[in-house]
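One structure is given here, and the rest of the page talks about it.
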Amino acid sequence: MRERTIAVAVAVGTALTVGISATGPASAGVASRAGTDGTDGTARFYRQPISWHGCRLGPDDETGGALDAAGTRCATVTVPLDYGRPDGRTITVAISRIKATDPGRRRGALLINPGGPGAVGLDQVLLKGMMPAVAERYDLIGMDPRFVGRSTPIRCQWTTDSFTRSAGPNRRTFDESAALMKTLAAGCAQGDRDLLPHASTRNTARDMDVIRAALGEPRLSYLGYSYGTYLGAVYLQMFGARADRVVLDSAADPDVYGPNLISRNAPALAAALKHWAGWAAGHDSKYGLGDTTAAVLSTVERIDRAAARRPLRVGAYRVDAHLVPYLLFVRLYDDSAAAYAGLAAETRALADAARGASVVPPPSLEKLLTGLFTGAGEAEDRAGTPIVCADRAASRDPATYFRDIQAHRASEPLFGPMTRNITPCAFWPTTPAEPATEIRNHVPALIVGADGDPVTPYPGQRAMHRALAGSRMITLTGAFRHGAYLAAGNACVNAAVDRYLVDGTLPGTDIVCDTSGDTGE
């Protein structure tokens, strides 16, 4: 799977619809009375006081230090583990806040989610410096969603950062993938298994509404990237009457989201790889990957074929056919020259290994491989997998995945065996406690995205636009990247989103921006 967090520059250190019950099945509309009059037992959560404090946990806590330096205050909010049983077990959700810089013109609170699922969000308030006009009007709110980061955790015992793997070239290698997924699912079952059914996006949306009320806000504004767009759409479906201004950047297809989240991504990934290959061909004198787009793509194919025959020796690690497509995938989120240069350097190392040369991997590749082989890197997938598996049921028959891969192998030779591969959800120890949310409403929202996005492809973004019939959409054309607002440095996109958040007026029609508006940031 692996829908990674959008990397915006937050480096540490440096209209109403018909209602439903918030505890019932998903259908149309806005908030129920849940949590407003206490008839469902949730009033104590909605009315809880928030005790703010410093964010730094200790001398080695760089994130906390950066938050404190920016004037952030942190807190925890108590929520029910199971909203159907509000008098039962509780958990905590960590939040952060930077107050509006112009209190006299303050609009309300803007909660920011960076994606994942499984990504920490406390540091998103540090976007303040990139959105000064917005920061004047809103208290910026960060949140580590339930079971993520500083919130009550789910402990998945993994020795890898990500479960995303290619199924490889044949049934034997597919079976290897299935065995790994079974092991990873068991690793999440070893901890507090009672938490797993309650990791869903619906429950995180409920948590958001508790946070809104505890903050004293009648309505909540929201900026969500990637998976955060699905979370935002679920909030709109469940609590639309309590939503103010909502921006969804790089929207996930709401009808596909779940364990098969990236199953339709191979064509968009292939297009992004081709775009990068054109760049690399223009820099052949430096990287030696080929002087035409076709030649660079041939180099990639040779790497993949060599890894299928025998694992490539890359420093201390052995890179096989399960990993090559993944190593490309995670580097195609960003189409900047710097990101493309990094991918070219890593591909050069893989090409050298494919011809049998001794290879010292670039530091970026070394770090990525170390995380994949030891679990020493980001914990995003370990925290995010329980969320995906709680959101939508997956087929538990491995043969269904293999048949799907085989049916698309000719048209999706490189990325299809990865995007359609089996996941830990096929072996998950629990089943979803609720059906997946059907997103269908007319609540206003602004959707933003690049038409060449390889991670949340443009057809899925358009599907979200149709599902949110009250939305408008800004399309960044000619961009092969994940993340448009702030992340792309595009003046047209940034101005349109800022205008909506500050003035509250949706565009009269959908908007198209192009990369000529990029600022190079």
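We number each residue from 1, following the sequence as shown.
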For residues 340-349, which side-chain N or O atoms pair as donor and acceptor with protein atoms under 3.5 Å away, sequence neighbours left out?
residue, atom, partner, partner atom, Å
Tyr340, OH, His275, ND1, 2.8
Glu346, OE1, Arg331, NE, 3.0
Glu346, OE2, Arg331, NE, 3.2
Glu346, OE2, Arg331, NH2, 3.0
Glu346, OE2, Ser364, OG, 2.5
Glu346, OE2, Leu365, N, 3.4
Thr347, OG1, Leu343, O, 2.7
Arg348, NE, Asp352, OD1, 3.2
Arg348, NH1, Tyr287, O, 3.1
Arg348, NH1, Gly288, O, 2.6
Arg348, NH2, Asp352, OD1, 2.9

Show which side-chain atoms of residues 291-298 pair as donor or acceptor with protein atoms under 3.5 Å away, not counting sequence neighbours.
residue, atom, partner, partner atom, Å
Thr292, OG1, Ala295, N, 3.0
Ser298, OG, Ala294, O, 3.0

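When side chains are defined from C-beta on, Tyr222 does not count as touching Ile112, because their heavy atoms never get closer than 4.5 Å. Taking 4.5 Å as the limit, some side-chain heavy atom of Glu412 sits within range of a side-chain heavy atom of Pro267. With a 4.5 Å cut-off on side-chain heavy atoms, Ser358 and Arg313 do not count as touching. Side-chain contact between Asp209 and Phe45 is absent, with no heavy atoms from C-beta onward closer than 4.5 Å. The side-chain heavy atoms of Pro386 and Trp428, taken from C-beta on, include a pair separated by under 4.5 Å. Leu312 places none of its side-chain heavy atoms less than 4.5 Å from the side chain of Asp320. The side-chain heavy atoms of Pro80 and Asp82, taken from C-beta on, include no pair separated by under 4.5 Å. Side-chain contact between Phe329 and Ile262: present, with at least one pair of heavy atoms (C-beta onward) separated by less than 4.5 Å.
Across Leu236 and Ala445, no two heavy atoms sit closer than the pair CD1-CB, 4.1 Å. Here the closest heavy-atom approach between residue Ser177 and residue Ser166 is recorded as OG-O, 3.3 Å. When all heavy atoms of Pro432 and Ala393 are compared, the pair lying nearest together is CG-N, 3.7 Å. The shortest non-hydrogen separation linking Asp194 to Leu81 is O-CD2, 4.2 Å. Ala119 approaches Pro114 most closely through the heavy-atom pair CB-CG, 4.0 Å. Residues Arg318 and Leu323 approach most closely at O-CD1, 4.5 Å, considering heavy atoms.
Summarising the geometry, atom CZ belonging to Phe402 is positioned 12.5 Å from atom CG belonging to Asp397; distances are rounded to the nearest 0.5 Å. Here the straight-line distance linking atom CD of Glu176 with atom CZ of Arg165 works out to 11.5 Å at 0.5 Å rounding. Considering OG1 of Thr159 and CZ of Phe373, their distance stands at 10.5 Å, rounded to 0.5 Å. Rounding to the nearest 0.5 Å places CZ of Arg56 at 13.0 Å from SG of Cys74. Here OG of Ser162 is found 9.0 Å from CG of Leu184. Values are rounded to the nearest 0.5 Å. Taking CG of Leu332 as the start and CG of Asp453 as the end, the distance is 11.0 Å to the nearest 0.5 Å.
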One pair to check against side chain to side chain contact (heavy atoms under 4.5 Å, CB included): Asn421 and Thr164. What are the steps and the verdict?
CA-CA 8 Å; Asn421 201 12; Thr164 307; over 6 Å; no

Evaluate the side-chain hydrogen bond (donor to acceptor under 3.5 Å, both in side chains) criterion for residues Arg420 and Ser263: first the C-alpha distance (whole Å), next the side-chain angles of each, then the deciding distance (0.1 Å), finally the verdict.
CA-CA 5 Å; Arg420 298 178 182 275; Ser263 60; 5.3 Å; no

Run Gln461 and Thr456 through side chain to side chain contact (heavy atoms under 4.5 Å, CB included) and show every step you take.
CA-CA 7 Å; Gln461 298 177 33; Thr456 53; 4.1 Å; yes

Please evaluate residues Thr201 and Asp391 with respect to the criterion side-chain hydrogen bond (donor to acceptor under 3.5 Å, both in side chains), reporting the C-alpha separation (whole Å), side-chain torsions for both, the decisive distance (0.1 Å), and the verdict.
CA-CA 6 Å; Thr201 298; Asp391 274 340; 2.6 Å; yes

Determine, step by step, whether Leu327 and Leu369 satisfy the side chain to side chain contact (heavy atoms under 4.5 Å, CB included) criterion, reporting the C-alpha distance in whole Å, the side-chain angles of both residues, the deciding distance to 0.1 Å, and the verdict.
CA-CA 9 Å; Leu327 298 179; Leu369 291 173; 4.1 Å; yes

Show, in sequence, the C-alpha distance, side-chain angles and deciding distance for Asp451 and Arg462, and conclude whether the salt bridge (charged side-chain N to carboxylate O under 4.0 Å, His left out) test is met.
CA-CA 10 Å; Asp451 63 356; Arg462 297 291 300 174; over 6 Å; no

Please report the C-alpha distance between Arg403 and Gln406 in whole Å, then the side-chain angles of each, then the deciding distance to 0.1 Å, and finally whether the side-chain hydrogen bond (donor to acceptor under 3.5 Å, both in side chains) criterion is met.
CA-CA 5 Å; Arg403 285 196 298 267; Gln406 293 299 95; over 6 Å; no

Please step through salt bridge (charged side-chain N to carboxylate O under 4.0 Å, His left out) for the pair Arg206 and Glu434, ending with a clear verdict.
CA-CA 13 Å; Arg206 294 175 176 121; Glu434 300 178 82; 2.9 Å; yes

Run the numbers on Arg150 and Asp144 for salt bridge (charged side-chain N to carboxylate O under 4.0 Å, His left out), then give the verdict.
CA-CA 6 Å; Arg150 298 187 185 185; Asp144 283 354; 5.3 Å; no

Apply side-chain hydrogen bond (donor to acceptor under 3.5 Å, both in side chains) to residues Ser250 and Ser226 and explain how you reach the verdict.
CA-CA 5 Å; Ser250 305; Ser226 195; over 6 Å; no

Verdict with reasoning, Leu111 to Met143, per side chain to side chain contact (heavy atoms under 4.5 Å, CB included)
CA-CA 8 Å; Leu111 191 150; Met143 173 184 69; 4.2 Å; yes

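Between the side chain of Asp304 and the backbone N or O of Val324 there is no donor-acceptor pair closer than 3.5 Å. Under the 3.5 Å distance criterion, the side-chain polar atoms of Thr229 are left unmatched by any main-chain donor or acceptor of Asp249. Proximity of a side-chain donor or acceptor of Ser151 to a complementary backbone N or O of Arg146 within less than 3.5 Å is not detected. Here the side chain of Asp335 pairs no donor or acceptor atom with the backbone of Ala479 at under 3.5 angstrom. No donor-acceptor pair closer than 3.5 Å links the side chain of Arg392 to the backbone N or O of Pro259.
Taking the six-membered ring where the residue is Trp, the centroids of Tyr257 and Tyr227 are separated by under 6.0 Å.
Just one residue in the list Leu196, Asp192, Asn203, Ile91 forms a side-chain contact (heavy atoms from CB on, under 4.5 Å) with Phe147, and that residue is Ile91. Evaluated for a side-chain contact (heavy atoms from CB on, under 4.5 Å) with Tyr225, the options Asn113, Leu231, Val247, Leu486 yield exactly one hit, Leu486.
Under the 4.0 Å criterion applied to side-chain N and carboxylate O atoms, Arg202 and Asp207 are not assigned as salt-bridge partners.
Other residues, nucleotides and ligands contribute over 12 non-hydrogen atoms within 6.0 Å of the CZ atom of Arg171. Within a 6.0 Å radius of CZ in Arg409, other residues, nucleotides and ligands contribute more than 12 heavy atoms.
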